[in-house]
Amino acid sequence: MNPFEMVAIIVIVVAVAGMVRSHHRTQAARAERPAGPDAETAARLNALEERIRVLERIATDKRSRLSDEIDSL
């Protein structure tokens, strides 16, 4: 085996080992994470849903109520 082949094999082995290690770290991090959203995420989601409801109501109301709603905001 010439030196160039040996260097190529070493580089390939190191690269594969790095990918395997990265995969195992990712799997471990996924296992530690809770499955559902946390309280902060749920609160932000609820706030965004409320904002969307307000925007939908403003977009579908008549013009006079629209100007009153914008003025009240």
Side-chain angles (χ1 to χ4, degrees):
M1 179 180 292
N2 70 34
F4 297 113
E5 290 174 347
M6 198 174 343
V7 169
I9 290 173
I10 291 171
V11 168
I12 291 170
V13 168
V14 169
V16 169
M19 291 188 315
V20 168
R21 185 175 7 161
S22 176
H23 178 72
H24 285 293
R25 285 181 184 168
T26 303
Q27 293 299 324
R30 272 192 198 149
E32 292 175 0
R33 237 183 344 185
D38 60 349
E40 180 184 348
T41 304
R44 290 181 67 197
L45 181 61
N46 289 336
L48 288 172
E49 287 175 346
E50 181 60 31
R51 289 178 69 182
I52 289 172
R53 281 189 207 100
V54 169
L55 290 173
E56 286 175 344
R57 190 173 67 237
I58 289 172
T60 57
D61 280 350
K62 294 181 181 178
R63 286 281 179 193
S64 61
R65 288 194 54 191
L66 176 63
S67 63
D68 293 339
E69 184 78 22
I70 291 173
D71 291 338
S72 70
L73 294 175

Q: Can you name the residues that form a side chain to side chain contact (heavy atoms under 4.5 Å, CB included) with R30, not counting sequence neighbours?
A: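 In terms of side chain to side chain contact (heavy atoms under 4.5 Å, CB included), with neighbours along the sequence ignored, R30 is linked to T26, Q27, R33.
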Q: Can you list the residues that meet the salt bridge (charged side-chain N to carboxylate O under 4.0 Å, His left out) rule with E50, with sequence neighbours excluded?
A: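 Once residues adjacent in sequence are excluded, the partners of E50 under the salt bridge (charged side-chain N to carboxylate O under 4.0 Å, His left out) criterion are R53.
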Q: For I10, which residues count as a side chain to side chain contact (heavy atoms under 4.5 Å, CB included) partner, sequence neighbours excluded?
A: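 Checked I10 against side chain to side chain contact (heavy atoms under 4.5 Å, CB included); matches are M6, V14.
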Q: Just jot down the side chain to side chain contact (heavy atoms under 4.5 Å, CB included) partners of V20, sequence neighbours excluded, or say none.
A: V16, H24
Q: Of all residues at least two apart in sequence or in a different chain, which pass the side chain to side chain donor-acceptor pair (under 3.5 Å) check with S22?
A: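 By the side chain to side chain donor-acceptor pair (under 3.5 Å) rule, S22 matches no residue at all.
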Q: If the condition is side chain to side chain contact (heavy atoms under 4.5 Å, CB included), which residues does L45 pass it with, not counting sequence neighbours?
A: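 E49.
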Q: Start with the C-alpha gap between I9 and I12, add the side-chain angles, then the distance that decides, and say whether side chain to side chain contact (heavy atoms under 4.5 Å, CB included) holds.
A: CA-CA 5 Å; I9 290 173; I12 291 170; 5.7 Å; no
